[in-house]
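Only one structure is covered here, and it is reproduced in the block below.
In each ligand, atom 1 is the first atom listed, and ligand 1 is the first ligand listed. Throughout, residue positions are numbered sequentially from 1 according to the sequence presented.
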Amino acid sequence: MKYRSRKMVKGEDLNGAGNLFGGKALAWIDEEAAIYAFCQLGSRNLVTKAMSSINFNAPAKMGDIIEIGCAVVRLGKSSITVKCSMRNKSTQHEIITVEEIVFVNLDDQGRPLAHGITEIKNSD
Ligand SMILES: CC(=O)SCCNC(=O)CCNC(=O)[C@H](O)C(C)(C)COP(=O)(O)OP(=O)(O)OC[C@H]1O[C@@H](n2cnc3c(N)ncnc32)[C@H](O)[C@@H]1OP(=O)(O)O
């Protein structure tokens with residue numbers, strides 16, 4: 001898995017316990033996974049359809065630099081399934097893993113549209 005995106009945890013990102021808020025972390029992961037899926041399919045008309053189990057392995061604290069990585073799990077007809085990991089850049093300790101995020105390619109009417117990709121060639 002290649003870690004492409006980095007962020008610094010700031011005060012506004014924290015929950016009451018002083019850790020990175022889970023909802024914020026998931027928003028970062030969803031955005032990174034969507035950009036990754038866009039690049040793989042060469043399509044911008046993708047929506048998030050489903051997310052599988054999410055594992056919050058360890059907290060991130062203010063000032064931590066985190067990085068997010070994605071990889072393709074499978075290609076469907078209209079869908080692409082991606083897994084994601086967020087880890088601490090300094091320690092490499094895993095913070096969150098998401099087993100599967102499913103994106104669906106849509107037509108102009110918002111209906112699933114075959115993306116025609118059968119093989120991952122793009123390392124973006
Ligand atoms: C980037 C963002 O954040 S977007 C914002 C949040 N997301 C949204 O607003 C999406 C809202 N949802 C929708 O508009 C609709 O559910 C749609 C258009 C995405 C899909 O409509 P559906 O009628 O469910 O589609 P359909 O049953 O034909 O399935 C489409 C594909 O999704 C897959 N799929 C559907 N449901 C699931 C599920 N629960 N889990 C995994 N895959 C699923 C199907 O297997 C199919 O894949 P394939 O074509 O590769 O075989």
- Query: Can you hop from Phe38 to Leu106 via hydrophobic side chains spaced under 4.5 Å?
  - Reply: no

- Query: Taking His93 for the side chain and Asn57 for the main chain, is one N or O donor matched with an acceptor at less than 3.5 Å?
  - Reply: no

- Message: When you compare the side chains of Ser5 and Glu67, does any donor N or O come within less than 3.5 Å of an acceptor on the partner?
- Response: no

- Task: Would you confirm whether any non-hydrogen atom of the protein falls under 4.0 Å from atom 2 (C) of ligand 1?
- Result: yes

- Message: Does the protein come close to atom 8 (C) of ligand 1 - that is, does one of its heavy atoms sit below 4.0 Å from that atom?
- Response: yes

- for atom 40 (N) of ligand 1, nearest protein heavy atom and its distance come out as Ala50 CB, 3.6 Å

- Message: Membership question, hydrophobic clusters at under 4.5 Å side-chain separation (ILVMFWY): are Leu26 and Ile66 in the same one?
- Response: yes

- Message: Taking the six-membered ring of Tyr3 as reference, does the cationic atom of Arg87 (NZ for Lys, CZ for Arg) lie under 6.0 Å from its centre and within 45° of its axis?
- Response: yes

- Can you sort out which atoms of ligand 1 are near Gly76, meaning under 4.0 Å from one of its heavy atoms? 50 (O)

- Contact bool for atom 18 (C) of ligand 1 (protein heavy atom, d < 4.0 Å): yes

- Note on the structure: A student checking ligand 1 against Asp30 at a 4.0 Å heavy-atom cut-off should list atoms 3 (O)

- Message: Between Lys7 and Trp28, is the side-chain contact (heavy atoms from CB on, under 4.5 Å) condition met? List the steps.
- Response: CA-CA 9 Å; Lys7 291 190 182 287; Trp28 289 347; 3.2 Å; yes

- Glu31, Met51, Lys49: member with heavy atom nearest to atom 35 (C) of ligand 1: Lys49

- By number and element, which atoms of ligand 1 are closer than 4.0 Å to a non-hydrogen atom of Val104? 31 (C), 32 (O)

- Query: Looking at atom 29 (O) of ligand 1, is any protein heavy atom nearer than 4.0 Å to it?
  - Reply: no

- Query: Any idea which heavy atoms bring Ala33 and Cys70 closest together, and the distance?
  - Reply: CA-SG, 3.7 Å

- What atoms of ligand 1 come closer than 4.0 angstrom to any heavy atom of Pro112? 25 (O), 28 (O), 30 (C)

- Query: Would Met86 end up clustered with Met62 when hydrophobic side chains under 4.5 Å apart are linked, directly or stepwise?
  - Reply: yes

- For Leu106, the ligand 1 atoms whose distance to one of its heavy atoms is below 4.0 Å: 18 (C)

- Measure from atom 32 (O) of ligand 1 to the protein's non-hydrogen atoms and state whether any distance is below 4.0 Å. yes

- Option set Val102, Leu75, Leu46, Val47, criterion heavy-atom distance to atom 42 (N) of ligand 1, minimum: Val102

- Task: May I ask you to check whether Ser79 and Asn105 show a side-chain donor-acceptor distance below 3.5 Å?
- Result: no

- Message: I need the minimum non-hydrogen distance between Ile117 and Leu75, along with the two atoms involved.
- Response: O-CD1, 4.0 Å

- Message: Determine whether any protein heavy atom is located less than 4.0 Å from atom 44 (C) of ligand 1.
- Response: no

- Query: Can you tell me the protein heavy atom closest to atom 46 (C) of ligand 1 and the distance?
  - Reply: Ser78 OG, 4.1 Å

- Message: Students should be able to answer this: which protein heavy-atom is nearest to atom 10 (C) of ligand 1, and at what distance?
- Response: Thr48 O, 3.6 Å

- Item | Protein contact for atom 50 (O) of ligand 1 (heavy atom, distance under 4.0 Å) | yes

- Roughly how far, to the nearest 0.5 Å, is the CG atom of Leu113 from the CG atom of Asp108? 8.5 Å

- State whether any protein heavy atom lies less than 4.0 Å from atom 5 (C) of ligand 1. no

- Task: Could you tell me which atoms of ligand 1, counted from 1 in the order shown, lie closer than 4.0 angstrom to a heavy atom of Gly110?
- Result: 18 (C)

- Query: Linking I/L/V/M/F/W/Y whenever any side-chain heavy atoms sit under 4.5 Å apart, do Ile68 and Ile65 land together?
  - Reply: no

- Note on the structure: When distances are taken from atom 47 (O) of ligand 1, the protein heavy atom at minimum range is Ser79 OG, 3.4 Å

